[in-house]
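Data first, discussion second: the structure below is written as structure tokens.
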Amino acid sequence: MSQSEIQFTFDDKTISALSGQSVGAALLAANQRSLRKTRFNKDKRGIFCGIGVCFDCLVVVDGITNQRACIIEAKPGMKVQTQDGSNA
Amino acid sequence: MHNVVIVGGGPAGLSAALAAAAAGAPVLLIDSNSRLGGQYWRNSVDELENQNEQHFDLATGLLLINAVKARKEIEVWSEAQIWSATNDEGKNTLRVIHQGKEKIVNTANLILCTGAYDRTLPFPGWDIPGVMTPGGVQSLLKGHGVLAGKQVVVAGTGPFLLPVAAGVIKAGGEVVSLIEANKSRRWVSSFIVILENLSKIKEAFYYIKTISRGKVRAQFGYAVIAAHAADNGELESVDIAKINRNFKVKKVKNIKCDVAAIGWGFTADTSLAGSLGCKQVVAKDESVVVWVDSEQQTNIPGVFAAGEITGIGGSDLSMAEGVIAGIAAAKFVGCKVDISKAHRKRRAKRQRFANALIKAYPIKTGWQLWPNDQTTICRCEEVSLGDLKFSVEELGATDSRTAKLFTRCGMGLCQGRICGRSVVDLVAKELNVLPTDIDRISAVNRPIITPIPLGVLAQGE
Ligand SMILES: Cc1cc2nc3c(=O)[nH]c(=O)nc-3n(C[C@H](O)[C@H](O)[C@H](O)COP(=O)(O)OP(=O)(O)OC[C@H]3O[C@@H](n4cnc5c(N)ncnc54)[C@H](O)[C@@H]3O)c2cc1C
Ligand code: FES
């Protein structure tokens, strides 16, 4: 099956994804392993459970915080950002 | 009007839907994924058919998924997440976010097939990007066609490590080490169980063939006990320890890798069942599961459960339980059907295999010595082992529930799904007692099944 390729941005980088792929999978394929910084210790975190259970892969998508990169589908023109802290 | 509402589109839910529909009951199948198949038959952005290479038992999955889609009696809601559920005198009310909108489903007849997720254990560095669960690596590969890393360590315990290692090799990655904590091949000695479940053994050999082609060194009696980050804060290497039978560390060496996939079996996701008030019990592997009778009915009449949430046992057992739950639920709404002896026998046979596996892959308490005071235990709220100890020693916490209130351990967005089980064990160790069933069951008590974005509720029906 031929799959269309789409593009979205992560911070200031352009990332390619296959349609249907999750934001997290596309970012990992682009070797982007860190997705957020924790609130208190400012530690880097990335995909851990990969199935929407752990809430460690949180990113900001089109201005909305706390989106799980591993389950949210990449859409053309999406503006994805590193989440810094706040996850209330 | 749907007679039977099923939650979960994995092996158990699909089997239950087909059995109930075949008995003449209209079914509503609710699943949070975008495609049916659950955790096992996870299909890629590619058509499922193209994933043959990744998958052993794909034909069964395709058969079930296509049959469910073809049956007019079954309505499917995909991308539908139940976020809250209540039971009020026999009436179950489910609040579902379906394609961005809230819908309310009322039903007297429910089959819960919400499955399981990887069990993890905390150790220094387990929160570094690059440390993942085997299920995570598997779902990235099967569901999204992405190989998580180039040099992968696969570790932990249980038969599930095999398909994950095989998957990485097939996708062109290197498995730098395949590490199984348990040495015992105790189940090999229970000859009858093996003869009864030959297809499972065939599956294991299928993976082992792939793994040996990749020239992977499998090590038994070892575990990953620490992970280290490079200057950029991402995974660079792990410490692998030779461990004794109780998981106590004997000798340590360091190896380089960019991904470490570490899993310790599975934990049932009983949140939905718990919200409804279904009775939960502690299983032999110390996981909390939903109690069911021989017809897969919970203590609430009309509410059934099947698959991993009634006990970790793999996809074959999940299917056998799903069929029985589907028939029992159809019978409950008045369809003239009965559970046959053959159905019960099949379930019993697979249950024996599951029991043998649980015995062969125990998790021993020595792991509780792997974390140090700085090690993060609750990843969401950044609570360390030192914080937990402080709550016991200085603040006087007398069980895991009070320790949780003092530290916020397990009160973040994942609601203790990741750390809950470990916290119960670690606090009990600090108190020098054994965890009680009440400790374990209260650790999975979640008033909200999953946090939902504000604003969605405003758009509800
Ligand atoms: C990531 C992962 C990969 C696995 N891979 C394998 C494998 O390769 N081989 C193997 O033998 N076993 C594998 N397993 C073990 C697996 O759990 C079982 O073999 C099998 O999938 C269990 O079937 P089930 O029907 O009980 O649950 P699942 O297959 O887990 O299905 C449960 C379904 O319920 C849905 N759900 C849960 N809660 C809700 C809710 N509140 N609202 C709506 N929907 C909900 C989930 O999205 C999911 O689709 C894997 C497990 C995990 C976690
Ligand atoms: S990686 Fe666990 S929720 Fe996304």
Side-chain angles (χ1 to χ4, degrees), chain A residues 1-6 15-58 61-74 82-83 85-88, chain B residues 32-35 39 42 44-47 49-50 79 81 115 117-118 120 126-141 143-149 229 232-235 258-259 261 267 269 376 379-384 412-415 417-419 450-451 453-455:
Chain A
M1 195 181 86
S2 77
Q3 266 174 9
S4 55
E5 210 178 90
I6 59 131
I15 309 285
S16 296
L18 296 174
S19 62
Q21 231 168 20
S22 73
V23 166
L27 286 170
L28 201 58
N31 205 25
Q32 182 67 51
R33 292 198 285 170
S34 304
L35 300 176
R36 71 169 176 122
K37 279 193 191 137
T38 62
R39 260 179 306 171
F40 306 121
N41 302 331
K42 302 289 170 197
D43 289 335
K44 287 183 176 178
R45 294 280 177 84
I47 290 186
F48 181 61
C49 76
I51 57 166
V53 172
C54 74
F55 288 77
D56 237 340
C57 60
L58 300 177
V61 177
D62 294 330
I64 304 173
T65 57
N66 290 339
Q67 302 297 301
R68 284 168 285 176
C70 70
I71 54 171
I72 193 161
E73 196 175 309
T82 300
Q83 178 157 321
S86 118
N87 67 4
Chain B
S32 53
N33 285 329
S34 55
R35 305 176 199 98
Q39 302 298 0
R42 185 174 277 281
S44 163
V45 281
D46 270 318
E47 285 294 303
E49 282 86 346
N50 297 341
E79 287 180 76
Q81 170 84 45
Y117 56 89
D118 294 82
T120 49
W126 73 308
D127 46 354
I128 294 170
V131 178
M132 291 182 200
T133 64
V137 169
Q138 171 106 330
S139 80
L140 282 162
L141 205 51
H144 305 272
V146 173
L147 183 59
N232 67 0
E234 297 173 358
L235 184 66
D258 59 0
V259 164
T267 294
D269 195 340
T376 302
R379 303 166 66 102
C380 297
E381 295 295 313
E382 298 173 73
V383 181
S384 68
L413 281 174
C414 93
Q415 302 188 85
R417 279 182 173 83
I418 300 299
C419 72
T450 203
L454 288 171

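Protein chains get the first letters and strands the later ones, always in sequence-line order, with residue 1 at the start of each.
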Seminar exercise, completed: Most heavy-atom pairs under 4.5 Å with chain A, out of B:Gly412, B:Gly233, B:Ser139, belong to B:Ser139

For this session: Output the option from B:Thr120, B:Asp127, B:Ile128 having the highest count of non-hydrogen pairs under 4.5 Å with chain A.
Result: B:Asp127

Examine whether an atom of [X] lies under 4.5 Å from a heavy atom of chain A, and if so say whether it belongs to the side chain, the backbone or both; otherwise answer neither.
X	result
B:Arg417	side chain
B:Thr450	side chain
B:Asn33	neither
B:Gln39	side chain

When rounded to the nearest 0.5 angstrom, what distance separates [atom1] in [X] from [atom2] in [Y]?
X	Y	atom1	atom2	result
B:His144	A:Glu73	NE2	CD	9.0 Å
B:Arg379	A:Phe55	CZ	CZ	13.5 Å
B:Asp118	A:Phe48	CG	CZ	8.5 Å
B:Ser384	A:Asn41	OG	CG	8.5 Å
B:Leu140	A:Ile47	CG	CD1	5.0 Å
A:Asp56	B:Ile418	CG	CD1	8.0 Å

With chain B as the partner, which of [options] has the greatest number of non-hydrogen pairs under 4.5 Å?
options	result
A:Gly52, A:Gly50, A:Cys49	A:Cys49
A:Cys54, A:Ala17, A:Cys70	A:Cys54
A:Ala26, A:Gly46, A:Ala25	A:Ala25
A:Ile51, A:Ile71, A:Asn31	A:Ile51

Considering non-hydrogen atoms only, spot the tightest contact between [X] and [Y] and give its length.
X	Y	result
A:Arg33	B:Leu235	NH2-O, 3.2 Å
B:Asn232	A:Lys44	O-NZ, 2.6 Å
B:Val146	A:Gln21	CG2-NE2, 3.4 Å
B:Glu382	A:Lys42	OE1-N, 4.5 Å

For this session: Decide yes or no for A:Val53 and B:Thr133: does some side-chain heavy atom of the first lie under 4.5 Å from some side-chain heavy atom of the second?
Result: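 When only atoms from C-beta onward are counted, B:Thr133 and A:Val53 do not touch, as no gap falls below 4.5 Å.
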
For this session: Answer whether the closest heavy-atom distance between the side chains of A:Leu28 and B:Met132 falls below 4.5 Å.
Result: yes

Exercise. Between A:Cys57 and chain B, which part of the residue has a heavy atom less than 4.5 Å away: side chain, backbone, both or neither?
Worked result: neither

